[in-house]
Amino acid sequence: MAVCIAVIAKENYPLYIRSVPTENELKFHYTVHTSLDVVEEKISAVGKALVDQRELYLGLLYPTEDYKVYGYVTNSKVKFVIVVDSSNTSLRDNEIRSMFRKLHNSFTDVMCNPFYNPGDPIQSKAFDSMVSAMMVQAC
Amino acid sequence: MSIPDYMQCAEDHQTVLVVVQPVGIVPEDQFFRIYKRIASVSQVSVRDSQRLLYIRYRHHYPPENNEWGDFQTHRKVVGLVAVTTCASAKEWPQTADRFHGQKEVFGATLYDSRLLVFGLQGEIAEQARTDMAFYPSFDRCDDVEKRVEDFVESIFIVLESKRLDRATDKSGDKIPLLCVPFEKKDFVGLDTDSRHYKKRCQGRMRKHVGDLCLQAGMLQDALVHYHMAVELLRSVNDFLWLGAALEGLCSASVIYHYPGGTAGRTGGRKPSIAQAADAGKRHRPGAQEVLIDPGALTTNGISADTSSEIGRAKNCLSPEDIIEKYKEAISYYGKYKNAGVIELEACVKAVRVLAIQKRAMEASEFLQNAVYINLGQLSEEEKIQRYSILSELYELIGFHRKSAFFKRVAAMQCVAPTIPEPGWRACYKLLLETLPGYSLSLDPKDFCKGTHRGWAAVQMRLLHELVYASRRMGNPGLSVRHLSFLLQTMLDFLSDQEKKEVTQSLENYTSKCPGGMEVITLPDGLKLPPVPFTRLPIVKSVKLLNLPVTLRPHKVKGLLGQNMTTKSPFIYSPIIMHNRGEERSKKIDFQWVQGDVCEVQLMVYNPMPFELRVENMGLLTSGVEFESLPAALSLPAESGLYPVTLVGVPRTAGNITVNGYHTSVFGVTSDCLLDSLPGVKTSGCTVEVVPALPRLQLSTSLPRSANALQPPSGEELSSSVSVQLFNGETQQLVITLENIGTELLETLEVTSKTVSTKEKLFGEFLSWDLDEALSQFPLKPGQVVTLTVSIKVKLDFSGQENLLQDLNDDGISVTGLPISSPLRQVLKPRAESKPVSAESGKAEYNHIKTLEAILNFKYSGGAGHVEGYYRELSLGVRVDVEPSVLFTRVSTLPATSTRQCHLLLDVFNSTEHELTVSAKNNQDLVLHPSECQRMAIQVDKFDFDSLPEPDAERARFANPKQLEEERQQAQGCEINSKLGIRWTIISFPWVPGH
């Protein structure tokens, strides 16, 4: 389904990043890193309008030749980025939304762990397996 | 047209293109000096009209781009300024030919041209020619700008005439079809009489006139013409030219909405009002009359007419529409493969407009589109240019990461394997520019605060690339700096394997170019601050150590008190005390001594998965001259906290502050300042250094004691000796004091203190004569002084009072009495208030008693002495006293003389040696071990009362008990002097006394 899933801290450094073709991980690092520009732009644009009723889902950040990059921002400014293959046309906006929702729920669980220090890389096995499940689903 | 001009922006549509080129041999720097002066004439206000003419100068322009001049007139080279040098008249014809040759290149489109000749003087130079200007040298050409203005005006005249020509040419019998180069063959054999064809011709011509109007400064007319062109061309589906007409419309609207320009060039455009205001002043007498139809000016020119204002508002596109039309235009361009450059340039222009409008998201869409425009086979250089400009545009819309990404791609392109001569320098320069995009600064100070922030994976990659590029550039110093930075800041993110690799390559580089602490300044002015390895090893705590006990300086008390009073006039003030407390928090309450080795203890930790060799580790201090004695250490892999002691010698007196330490790791020397180290525990770093003091080394004739004396309270002993003596024995202790320091030893004071003991001690335990030693003072360094101390032990080994009573009563011999029975030993000894005779009484034998005393040597000299400091040596003396001769029974018998009596003493030898006992006027008595014999001594009778009473002064302060003791002691002495009893162990060479 997804080829890369990343969780980015408020200060724009990765808390978690995983991609399916692991041999070219750095490429996804760059993809996700550059997508932050769009995320920031979108946040600042929304910020002007309504802060309270903000939509967490940011939609398609940008399409590249091979991938589509979707973004999602929690209220605490933690960003989720999902990269999917462009050729995968079966994925609708709704599916992407539900993926983000799942991701957010799982992330909330991670944050609830009293032994997790906010700002540290996520090493939770439960989170990892959830991400794996999302990646494998349609692949 | 294959070479896009990425710098184009919407307002370039209103400029006329002038090419400035060197002809013949012109020094490059001179040419660019002149070029800059020419280019400064970027806008000219045309006389007698309020119109402004904008000029775009190029020193290089591909002629194939010129062929698109009909499509968009701003692409047409209309002016040529040639710059040449000519030394003599002889060369002149050749130079003139060259100029004409140059004109031929752009000949079809040129309106006018000029030749600037430098260096030529004489007949030719004097002839007045409008198309040529002669200057004696590059430094003497004051009116170049004026010449250029005149030239621009002449271009304007041609432009204006062309505009009027085309605009009024409405007869319509035969409008020529304007076309772009690649279209020409398409129209061969087309029916030129069809309505469709005519409309196409009309539309294109309208668009062309619009371009000319825009260039001539008639915005309003341009808008009208563009609108008409759009309508005409849309009806005939002439998409390429429709796109151009739409773009023209956009350009004109942009010029209207954003008079400041969209390119963001420095300086920008001068406000046109100011330009118009001084237009009149610039009217010069004798200049050419403007050949403009006055009627055309009033009807079409920009005037104060309100009707034209309304028209403008109607025709002009709104900011939103501009983007819509740009999108449309680009989509039309996109239909033509050969118009890729036009499409790309349109994208770039649109992005610039969007950047002004702060619509970053839409701008990024345009850019995204631009990325995919295929321009066919691009040369490597063009690719670099393209990526660079994409990066610049992303930067413009605030997408710093994207910008950095493309810049990095451009950098990589500079050194692509296909390039025969990789441009590592350019690559490095571009990589440096990407740093902000990856929120990476090359100053390690930005990283020491708290945890690392940023995308470590991409930052590390970039640093690796910087290292590699700088190495290939042939600047190992830079590589070392970047690699050090990588190691220092990214340590947490490096895997063990990477740590090994990075350090290995760092060692390789440093073998060629050791890393240091200097700031590296790059040619473009960027400064690379030094990277101290504060984490190799990690220092956890810094502790200044006191000097060893024997070397600690002490302040003479009286002086200390004075110092205290001088600090503040108040005896006590809570506020001042509080302030002082804070001030003192960093100051330590001991002192170091000038010239003596001082120590600082660091707790260090090696985070590397391998052994870390730290060389040349020393202290960084300020305040006084300090000679650091560096240490080398090797820390095991992932060591725990590891203590390291750094030493040094202060060379002057004053306050010294330990600021940090320096190390050399992997060939990189670093100065680590404690201030910039997070999480270093320190108990203060400032300590006072007192002036130099002498140093004494103490050695004794007696063996050192294995078990050191336990000092009474807080004191530490420098050394201690122990000796075993029989009761009553006297031993000489020779103490040798050597001045091992560098200062003169001026004073020496010796005191002794007996460690409190319950034993009763008779006589002086330790006695010495200092005068002989002092006579040798001052003692120079290296000299030795000896001091003899006599150790005399006289202890009471007598038993208890009741035992004595027993003996007196029944008079039995004590030989064989189990005196050492446990019963006796548990009985508490009572030393005080014993009868005088008990002094030579009986006691428990075979019981060793211990006496301990401390000899203190206070000494000083040199500068420290002047300041009131002294040093102290202390020698512990421990004496194990064995019982020797015991008098088990005392009685008297009257002698023959009434003034004398016989004193009968039962003498018991409690030693394991045969000994002799002698008294005054008596022969020796030989005693075998554990033998008891009676000896009789004839003595004069005497009265204790005859002894002098202690003086009244002392009696007043002492209590009766003390007085009593003193009296007893005096009486004991009296008896001793009368009797003079001595004993000698026969097998021992020395003569102890009792």
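Heavy atoms only: backbone and side chains are in, while hydrogens, waters and symmetry mates are out. The chains referred to below are lettered A, B, ... by the order of the sequence lines, with proteins before strands, and numbering in each begins at 1. Since the model is a prediction, treat every value here as computed from it, not as a measurement.
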Subject >> Which atoms of Y394(B) approach chain A - backbone, side chain, both or neither, heavy atom under 4.5 Å >> reply: neither

Subject >> Side chain, backbone, both or neither of L26(A) within contact of chain B (heavy atoms, under 4.5 Å) >> reply: side chain

**OP:** Could you look at E65(A) and say if it's the side chain, the backbone, both or neither that has a heavy atom under 4.5 Å from chain B?
**Re:** both

Original post:
Taking all non-hydrogen atoms of both residues, which atom of L431(B) and which atom of A469(B) are closest, and how far apart?
Top reply: CD1-CB, 4.2 Å

**OP:** Give every residue pair that meets the side-chain hydrogen bond (donor to acceptor under 3.5 Å, both in side chains) criterion with at least one member in residues 27-38 of chain A, sequence neighbours excluded.
**Re:** K27(A)-Y67(A), H29(A)-W455(B), Y30(A)-R408(B), T34(A)-Y62(A), D37(A)-R401(B)

**OP:** Could you verify whether a donor N or O on one side chain and an acceptor N or O on the other, from E380(B) and T418(B), lie under 3.5 Å apart?
**Re:** yes

Subject >> Over 12 non-hydrogen atoms of neighbours within 6.0 angstrom of NZ in K540(B) >> reply: no

